[in-house]
Amino acid sequence: MTKYKPIGIFDSGYGGLTILKEIRKQLPAFDYVYLGDNARTPYGTRSFDVVYQYTLEAVTKLFSMGCELVVLACNTASAKALRTIQQNDLPHLSPNKRVLGVIRPSVEEVVSITRNGHVGVLGTNGTISSLSYVLELNKISGNKLEISQEACPMWVPIVENNEIGTPGADFFVQKNIRNLFSADELIDTVVLGCTHYPLLSETIKKYLPANVFLVEQGSIVARKLADYLNRHPEMELRCSKQGKMHYYTTEQPETFDERASLFIDEVVQSQKIHI
Ligand code: DGL
């Protein structure tokens, strides 16, 4: 019998569902486990040490559930924890397992899209203050881009509290987009550097100037994951393929199921987990 070795998808809450949805579309044969740390969300306002600790706990949990490969479907965790986990923890925790993030794939895409080199990054406080996007964009473009950033601390609570489409959501989205473009009105490409933000994309598009390209991470991360599995057949073979999907949350499963179903177009039945 084939061993159950799902691909782990981790986020602080619901945001990673935007990534999971696209990954399953592009790679439907694999088994997946989604873990939302809803009890401790948001991560975006927390310190480096706390985000690192929470993320390491989640990754360790997913490894113990059979995952050989974990995707941090969270920019804040990718910005603050990924490198340390890859370099310091994996070698003694599970040297053959892998943890991937969402920032590098997004940055590669942004560089190929912008025409005038003026780029805007929207993210949580944590992601923006880590400068991860700025550093990666500079590295990959050879310092050729004009990069402006805007932290949007209210957007994740809006999504987590199901306030999408309300006047309050409009107010904060408009305010942050206005701030970004007053820093640089020439921006032609904006990256949603938080996996929660695509859930607000209707509202975001309302306030974005015409002809600005909006980069959403889901399909990009999915394509890069497919690419990764092609280039690493040893990992591809180790991940089981029965098309199964399991959801776990650190908060109330009933609440998770109700909200998650709105974002992922299917009936979700999650289980509570302690990490
Ligand atoms: N979805 C997460 C991200 O991509 C973070 C949300 C949060 O917990 O603040 O950054």
Side-chain angles (χ1 to χ4, degrees), residues 8-23 34-59 70-83 85 99-107 109-110 120-134 136 149-164 169 172-173 176 190-201 204 214-222 224-225 247 249-251 255-256 259-260 262-264 275:
I9 311 285
F10 169 68
D11 182 48
S12 62
Y14 300 109
L17 294 170
T18 61
I19 304 282
L20 172 72
K21 187 171 158 181
E22 296 298 328
I23 289 180
Y34 183 88
L35 172 53
D37 192 6
N38 300 78
R40 303 191 291 194
T41 199
Y43 279 18
T45 46
R46 298 188 190 275
S47 67
F48 184 96
D49 286 352
V50 170
V51 173
Y52 163 66
Q53 198 48 47
Y54 287 0
T55 307
L56 181 60
E57 286 168 12
V59 167
V70 171
V71 178
L72 301 184
C74 174
N75 290 265
T76 311
S78 300
K80 294 190 165 188
L82 179 64
R83 185 153 305 174
I85 291 177
V99 182
L100 306 175
V102 288
I103 296 181
R104 181 75 192 196
S106 313
V107 159
E109 192 75 5
V110 168
V121 181
L122 298 169
T124 63
N125 276 332
T127 299
I128 297 303
S129 62
S130 75
L131 295 178
S132 297
Y133 271 92
V134 176
E136 289 288 337
Q149 301 200 100
E150 170 74 3
C152 312
M154 293 305 292
W155 294 17
V156 170
I158 287 169
V159 171
E160 290 286 321
N161 292 294
N162 206 12
E163 293 287 331
I164 299 165
F172 285 107
V173 169
N176 291 122
V190 171
V191 57
L192 295 185
C194 173
T195 55
H196 281 66
Y197 295 177
L199 299 166
L200 287 167
S201 65
I204 296 168
L214 188 63
V215 179
E216 298 185 33
Q217 299 176 307
S219 58
I220 300 164
V221 172
K224 302 278 179 180
L225 179 63
Y247 294 94
T249 174
T250 54
E251 248 297 342
T255 313
F256 183 88
R259 303 244 182 99
L262 297 175
F263 304 138
I264 199 137
I275 57 178

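First listed ligand is number 1; within each ligand, the first listed atom is number 1.
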Protein residue, atom and distance nearest to [atom], heavy-atom basis:
atom: atom 2 (C) of ligand 1; answer: Cys74 SG, 3.3 Å
atom: atom 9 (O) of ligand 1; answer: Gly44 N, 2.7 Å
atom: atom 1 (N) of ligand 1; answer: His196 ND1, 2.6 Å
atom: atom 10 (O) of ligand 1; answer: Thr76 OG1, 2.7 Å
atom: atom 3 (C) of ligand 1; answer: Asn75 N, 3.2 Å

| query | Do Trp155 and Phe172 have ring centroids that are under 6.0 Å from one another? | reply | no
Distance filter under 4.0 Å to [X] heavy atoms, resulting ligand 1 atoms:
X: Thr124; result: 9 (O), 10 (O)
X: Thr41; result: 8 (O)
X: Ser12; result: 5 (C), 6 (C), 7 (C), 8 (O)

| task | May I ask whether Gly13 places a heavy atom under 4.0 Å from ligand 1? | result | no
| field | Sidechain N-carboxylate O distance under 4.0 Å for Glu160, Arg40 | value | no
Donor-acceptor pair, side chain of [X] and main chain of [Y], under 3.5 angstrom:
X: Thr18; Y: Thr195; value: yes
X: Thr250; Y: Asn38; value: yes
X: Tyr34; Y: Gly16; value: yes

| query | Given Tyr197, Tyr14, Tyr43, Trp155, which has its nearest heavy atom closest to atom 7 (C) of ligand 1? | reply | Tyr43
| said: Looking only at distances, can you tell me whether any N or O atom of Thr195, backbone or side chain, sits closer than 3.5 Å to an N or O atom of ligand 1? | reply: yes
| What's the spacing between Ile19 CD1 and Lys21 NZ if we round to 0.5 Å? |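 Answer for the CD1-NZ pair, Ile19 versus Lys21, is 11.5 Å.
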| field | Nearest-0.5 Å distance, CG of residue Asn161 to CZ of residue Arg259 | value |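 So the gap between those two atoms works out to 6.0 Å.
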| Is it the side chain, the backbone, both or neither of Asp11 that has a heavy atom closer than 4.0 Å to ligand 1? | side chain
| Where does the angle between the aromatic ring planes of Tyr54 and Tyr43 fall among parallel (under 30°), tilted (30 to 60°) and perpendicular (over 60°)? |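 Ring orientation, 0 to 90° scale: tilted.
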